[in-house]
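To keep things clear, I will list the structure first and then write my remarks on it.
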Amino acid sequence: MSVSVPFNQSSQQGNELDYIHHTISNGQVAGDQTFSKKCQSLLEDTLGVQKALITTSCTHALEMAAILLNIQLNEEVIIPAFTFVSTANAFVLHGARPVFCDIRPDTLNLDESKLESLITKQTRAIVVVHYAGVSCEMDKILDIANYHGISVVEDNAHGLFGKYRGRWLGTFGCLATQSFHETKNITCGEGGALLINNEKFIERAEIIREKGTNRTRFFRGQVDKYSWVDKGSSYVMSDILAAFLYGQMEKWQEIQKKREKTWERYDKELADWAEQNGVKRPVVPEHCDQPYHMYYLLMPSGEHRSKFIAQLKDRGVMAVFHYLPLNSSNFALQMAEKGWQKFECPITENVSNRIVRLPFYADLSEDDQNRVIDSIKNKI
Ligand SMILES: Cc1ncc(COP(=O)(O)O)c(C=O)c1O
């Protein structure tokens, strides 16, 4: 059967196409033009971060974080085993060894109670991922990190406009990263941002993002020519994409409202069914305001999950699984033969096997959502 309810669908939420037209007709198609600056200001003003830099992806913003933290060969970076490869790769590219921390069975976030046992003299950073935009336990994590003098980076790919104890996600780490990939709440297809919460990183971040040159200072008229001054790469987003992104960003409250309604409806409509079938729904602690990034279910077993996905597919509904454990990935096992430590992460393995994500996007209609819900209720 052809897919009638996709897992994700991109949409126009406001003036995206007008803004693209505007940027092309004004000849502002390279980076750091009007719309990039508008996106950055909106992030800075809304979240209260010291500096936001729009980048080509969240992966690249994470790479910038690795360079900014001066991660050296064989230094250790603690990350959750249940995350996207970029959380690890960005640091591995710069010589780090990933130390995989298992996750909590409730929020599926890095288990802060395991952190102390993973910290060594080589530990340089803890990279937290707010899974589904539900915050990690930041008080405890920051206490531990501060005690040991370790940096905290937030991979906030899922968490834009989420809060922990009333404070925006992305404002806790010295650095935080955002994704605007097509599956995210606010998107331009491919894109990201680096959020900077410590002034000492700002100037170097501008240089790293501009191929290791002081071009940004040159554009501000602070130097009369620009030259090679540091390591760097090409992490600047084209203003064509930034124009699309700003069209979405300025509608963020409306987008969030739509997503909240969809999320709450899934949760309410599936509550009894989940209870009766041994299926777990997402846990959102009271002190976390989630940004409604995804709706997932934890099936009783991997077998149940495969059957569930196949049954929904038969009814034209695309449900998908999520991260495979990084600690037992081919690459980590290969590197273990070359000296990387091995890590057991049983909760990650278990969750990775059982999780399923339901279709979720800003313009998911009530009819299509009903189709998902009905397909689930009739078929397990
Ligand atoms: C937690 C996490 N970090 C990083 C990324 C990478 O984001 P991007 O595709 O913008 O590089 C993703 C991708 O979805 C992700 O889920």
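Start at 1 and go down the list; that is how both ligands and their atoms are numbered. On a predicted model such as this, the values are computed, not experimentally measured, just so you know. What's counted below: heavy atoms across the whole structure, side chains too, no hydrogens, waters or symmetry copies.
A salt bridge links E366 to K261: one of the charged nitrogens lies within less than 4.0 Å of a carboxylate oxygen. Between R215 and E210 a salt bridge is recorded (basic side-chain N to carboxylate O distance below 4.0 Å). Electrostatic pairing of K37 and D32 does not count as a salt bridge here, judged by no charged N lying under 4.0 Å from a carboxylate O. Under a 4.0 Å N-O distance rule, the pair D272/K377 does not qualify as a salt bridge.
At a 4.0 Å cut-off, at least one heavy atom of G191 sits close enough to ligand 1 to count as contact. Residue Q178 places every heavy atom at 4.0 Å or more from ligand 1. Taking a 4.0 Å cut-off on heavy atoms, Y323 registers as neighbouring ligand 1. Every heavy atom of H60 sits 4.0 Å or more from the atoms of ligand 1.
The protein non-hydrogen atom at the shortest distance from atom 5 (C) of ligand 1 is F84 CD2, 3.5 Å. Scanning the protein for heavy atoms near atom 3 (N) of ligand 1, the closest one is D155 OD2, 2.6 Å. In terms of protein heavy-atom proximity, atom 9 (O) of ligand 1 is nearest to H181 CB, 3.9 Å. Scanning the protein heavy atoms around atom 10 (O) of ligand 1, the nearest turns out to be S179 OG, 2.7 Å. In terms of protein heavy-atom proximity, atom 7 (O) of ligand 1 is nearest to C58 CB, 3.3 Å.
Considering H322, H158, H181 as possible partners of H293, the one that fulfils the ring-ring contact (aromatic ring centres under 6.0 Å, His included) test is H158.
Between the side chain of Y246 and the main chain of Q40, no donor-acceptor pair closer than 3.5 Å is present.
A donor-acceptor contact closer than 3.5 angstrom links the side chains of Q178 and N156. Checking Q9 against D363 by side-chain atom types alone, no donor-acceptor pair falls below 3.5 Å.
Here is the list of ligand 1 atoms found below 4.0 Å of a heavy atom in V129: 1 (C). Each of the atoms 1 (C), 16 (O) of ligand 1 lies under 4.0 Å from some heavy atom of H158.
Below 3.5 Å of separation, one finds no N or O of E190 facing any N or O of ligand 1. Taking distance alone, with nitrogen or oxygen atoms compared against 3.5 Å, K184 approaches ligand 1 more closely than that limit. The N/O atoms of T59, backbone and side chain alike, include one that comes under 3.5 Å of an N/O atom in ligand 1.
When heavy-atom distances to ligand 1 are checked against a 4.0 Å cut-off, F82 has no atom that comes that close, whether in backbone or side chain. With a heavy-atom cut-off of 4.0 Å, T83 touches ligand 1 through its side chain alone.
Side-chain contact between R104 and E112: present, with at least one pair of heavy atoms (C-beta onward) separated by less than 4.5 Å.
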query: Do N370 and R265 pass the side chain to side chain donor-acceptor pair (under 3.5 Å) test, and can you show the C-alpha distance, the side-chain angles, and the key distance before you say yes or no?
result: CA-CA 10 Å; N370 284 341; R265 199 149 172 268; 2.4 Å; yes

